[in-house]
Every structure is written in structure tokens, then in C-alpha cells.
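Worksheet for the structure shown next.
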Amino acid sequence: MSRSSAIALLVDTRRALAADLHEKPQQDMQRNEQTLHEIERLLLDVRIGRTREFKLEFPSRMHVIVSN
């Protein structure tokens, strides 16, 4: 997947996770907040080229290899 497509995927995943965060019970909220922070960090890493491969669990399982 191209870097721009990977970034778009992560932005969409972040939006979906943030929207889902408000609909979950308090117990799930901490775990979802942690996942949101991990996605945000991954987004930064992909943007600057530190990460070339990653796995997503939300909203579905996916293994992504970033190409230039």
C-alpha cells in the first residue's frame, strides 16, 4: 500500500475509533483510549517513514506493508 493510502487508512481508523469510544461502557473506554493513542502514534510514524509495516485490529484485522 502506498504511504498516502496507509495514512488515509489510519486517519479513517482513528475517526472510527474515536466515534466508537463514546458509545462504549466505561470499562472498555480505557482500553479504547489506549488503542486510540497507539493509532495516533502509528500515524505519526508512518507519516515520517519510521514504520513500513503494521497490523490493525480495528475495525478489522489487517496487515499493511507501506511502499514509497
Checklist entry - Is M1 reachable from V66 through a run of I, L, V, M, F, W or Y residues, each pair having side-chain heavy atoms under 4.5 Å apart? => result yes
Item to check | Residue pair R52, V46: steps toward the side-chain contact (heavy atoms from CB on, under 4.5 Å) verdict | outcome: CA-CA 7 Å; R52 301 192 75 140; V46 169; over 6 Å; no
Item to check | Partners meeting side chain to side chain donor-acceptor pair (under 3.5 Å) with E33 (sequence neighbours left out) | outcome: none
Checklist entry - Does R47 have any side chain to side chain donor-acceptor pair (under 3.5 Å) partners at least two apart in sequence or in another chain, and if so, which? => result none
Checklist outcome for this item: Separation between OG1 (T35) and CG (L56), nearest 0.5 Å, reads 11.0 Å
Next on the checklist: Checking E38 now: which residues fulfil side-chain contact (heavy atoms from CB on, under 4.5 Å) with it, not counting sequence neighbours?
Outcome noted: Q34
Checklist outcome for this item: To the nearest 0.5 Å, atom CG of L10 lies from atom CZ of R15 at 12.0 Å
Checklist entry - Given the rule that I, L, V, M, F, W and Y join up when any side-chain heavy atoms are under 4.5 Å apart, are L9 and L44 in one cluster? => result no
Next on the checklist: Does anything in residues 58-68 form a salt bridge (charged side-chain N to carboxylate O under 4.0 Å, His left out)? List the pairs, not counting sequence neighbours.
Outcome noted: E57-R61
Checklist entry - How many angstroms lie between atom CZ of R31 and atom CG of L36, to the nearest 0.5 angstrom? => result 13.5 Å
Item to check | Gap separating the CG atom of D12 from the CG atom of L17, nearest 0.5 angstrom | outcome: 12.5 Å
Checklist entry - Can you list the residues that meet the side-chain contact (heavy atoms from CB on, under 4.5 Å) rule with H63, with sequence neighbours excluded? => result E53, K55, I65
Checklist entry - What is the distance from atom OG1 of T51 to atom CG of D45, rounded to the nearest 0.5 Å? => result 4.0 Å
Next on the checklist: Run the side-chain contact (heavy atoms from CB on, under 4.5 Å) test against S4 and tell me which residues pass, sequence neighbours left out.
Outcome noted: S2
